[in-house]
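Reviewing the structure listed below.
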Number of protein chains: 2
Amino acid sequence: MTATGLPADEDVRTLHQQVLAQLRENILLGRIEPGQALTIRGLAAELGVSAQPVREALRQLVAERALELMDNRRVRIPPMTIERFEDLIAARIVLEAEAAARAMPYVTDDLIARMEAEDAGINKAVAERDYDRWIGANYAFHSMLYGAAGQSAFLPLIESLWLQVGPFLRRAIRTISGHYTVDRHSEALAALRRRDTMALRIAIEADIRDGIAHIGSTLIRSEALGAGAGGGRGPSSASSGRADIVREAV
Amino acid sequence: MTATGLPADEDVRTLHQQVLAQLRENILLGRIEPGQALTIRGLAAELGVSAQPVREALRQLVAERALELMDNRRVRIPPMTIERFEDLIAARIVLEAEAAARAMPYVTDDLIARMEAEDAGINKAVAERDYDRWIGANYAFHSMLYGAAGQSAFLPLIESLWLQVGPFLRRAIRTISGHYTVDRHSEALAALRRRDTMALRIAIEADIRDGIAHIGSTLIRSEALGAGAGGGRGPSSASSGRADIVREAV
DNA sequence: CATACCGCCATGTGATCACATTTTGGCGGA
DNA sequence: TCCGCCAAAATGTGATCACATGGCGGTATG
């Protein structure tokens, strides 16, 4: 929405679409604390709209697995476990590698130029420690490629995966930037220029693994990241307690 | 829900979840005509509930790409194009093959037995020309495998793909059953018994391709299947006209 | 007779209300 | 001091209402 590099979602004509776009951005950029319960009325008051649009936006985000509907009927960002995290990464790899390969026939010099520009923005964001812009531009870089073909099937699935990983990606981002020695985006761009599909697949997969590998150890240290009030045994104090663990893990 | 072999969705405590489950089943089994506009009030009256639960269910199905929100703000099953269809199949193959491979460590003899039972049900359904049960049991067979591990990431994505293909799968099912000479499910079961991951991948991919290949030609014959009022140039008569094409294509 | 205009009806969207359930905070007792 | 119980506040769910938009048919006009 703002200057984060996110694709400005068109057709935001209805209120619930605006709310949806805003919530989606907040989730993707990790601005919402995992485990924190989101209330309809609270968000409605915060966004200055009635409850109805918020309700529909939440429902949609639940469908995209960006949010989770607990037994309490409360909504929160689902807690992350090591198993789920590995599943998400595995899904990202197979989907995004395939999407990239299938986009290759539609790659134009113009597209490559725009991706290079976005990549420059990423590097700039990293240098300036602007994490919001970092994640947003990174997403823009990837989705720009996958959307080159009119891939109507892959993009929504990939976006769902990003939304699920986003909140936790953000929290380990400082760890990543320290280890981010090899620039996989450059490799991907080089592969694009050569129209080398196999090299592109490898670069994309490496990019996903690199950007994510260190989160695994973060997760292991904090056991179940974001496992808020719902899962634990503690009745009330668990929420803030776990949140401290999360904060510590960062 | 009924005796279709669909996994009886738990937690249908709220009304909108019941509506959602019912609509989802109707879509997956192809009971809803592609291109036909779904109205909130109409469905509400039909299901005997108020508009509110229907609204939320539709919103969720739109998020899962089972339904499409047109510019008119009307909701319908998205029309199928050859490009989108090929994307969907490609996505199904990479996701389901990977999900199957990742499920292998969790495969037990009990699971194999239950899958064999489901497969027997499939064959029975084919023999009896019970297409609803055919599709439902087929889906149960697959999701049973992918859900063996607590795969929290893959299953929702795969389900979304099934929902997108379902309405059109149904319409070409007679073509399929005629050509269904090789039993890929038997191959998959054999691979499972040998714990042969690579053979399982091959069997799953072949199953998807086999069950679907002939739909492509059906699509080609009818150009854009289900391309209702929204996409075409014709202002009003296109709806019924296209529906006739669909019916003819079956 | 064809076509453009106009008004009515159906529909989606947003807001609000009522009710059941859950959470929370405080109070009393062990 | 700690635990359990109870009342009050908060929240999700479902229903209903008001309004703006889009679709449809009838009618008047060239």
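Note on naming: letters A, B, ... go to the chains in the order of the sequence lines (proteins, then strands), and numbering restarts at 1 for each one. All values reported here derive from a predicted model rather than from experimental measurement.
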Exercise. A:Gln60: what forms a side chain to side chain donor-acceptor pair (under 3.5 Å) with it, not counting sequence neighbours?
Worked result: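 Listed in chain order: nothing, the list is empty.
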
For this session: Using side chain to side chain donor-acceptor pair (under 3.5 Å) as the criterion, list what pairs up with B:Arg114, not counting sequence neighbours.
Result: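 B:Arg114 satisfies side chain to side chain donor-acceptor pair (under 3.5 Å) with B:Asp110 only.
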
Just the rounded figure in Å: distance from [atom2] of [N] to [atom1] of [X].
{"X": "B:Leu20", "N": "D:dT13", "atom1": "CG", "atom2": "P", "value": "13 Å"}
{"X": "A:Gln18", "N": "C:dG14", "atom1": "CD", "atom2": "C1'", "value": "12 Å"}
{"X": "B:Ile40", "N": "C:dG14", "atom1": "CD1", "atom2": "P", "value": "11 Å"}
{"X": "A:Gln17", "N": "C:dT13", "atom1": "CD", "atom2": "C1'", "value": "11 Å"}
{"X": "B:Glu68", "N": "C:dG12", "atom1": "CD", "atom2": "P", "value": "15 Å"}
{"X": "B:Met70", "N": "C:dG12", "atom1": "CE", "atom2": "P", "value": "10 Å"}
{"X": "A:Leu67", "N": "D:dG12", "atom1": "CG", "atom2": "C1'", "value": "15 Å"}

Would you list the protein and nucleotides 18-23 of chain C atom pairs, both N or O, that sit under 3.5 Å from each other?
residue : atom : partner : partner atom : Å
C:dT23  : OP1  : A:Asn72 : ND2          : 3.2

Problem set entry | B:Glu56: salt bridge (Lys or Arg N to Asp or Glu O under 4.0 Å) partners, not counting sequence neighbours | A:Arg55, A:Arg59

Exercise. Near DNA chain D, under 4.0 Å by heavy atom, which residues of residues 42-62 of chain A?
Worked result: A:Arg55, A:Arg59

Exercise. Side chains of A:Ser160 and A:Gln164: donor-acceptor distance under 3.5 Å anywhere?
Worked result: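 Yes.
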
Exercise. Have A:His16 and A:Gln52 got a donor and an acceptor in their side chains that come within less than 3.5 Å?
Worked result: no

For this session: For side chain to side chain contact (heavy atoms under 4.5 Å, CB included), just list the numbers for B:Tyr139 and B:Trp162, CA-CA rounded to whole Å, side-chain angles, deciding distance to a tenth of an Å, and then say yes or no.
Result: CA-CA 8 Å; B:Tyr139 177 71; B:Trp162 278 72; 3.4 Å; yes

Exercise. Tell me, which pairs form a salt bridge (charged side-chain N to carboxylate O under 4.0 Å, His left out) where one or both residues lie in residues 77-87 of chain B, sequence neighbours left out?
Worked result: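 Qualifying pairs: A:Arg102-B:Asp87.
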
Problem set entry | Stepwise side chain to side chain contact (heavy atoms under 4.5 Å, CB included) test for A:Ile158 and A:Ser143 | CA-CA 9 Å; A:Ile158 291 171; A:Ser143 66; over 6 Å; no

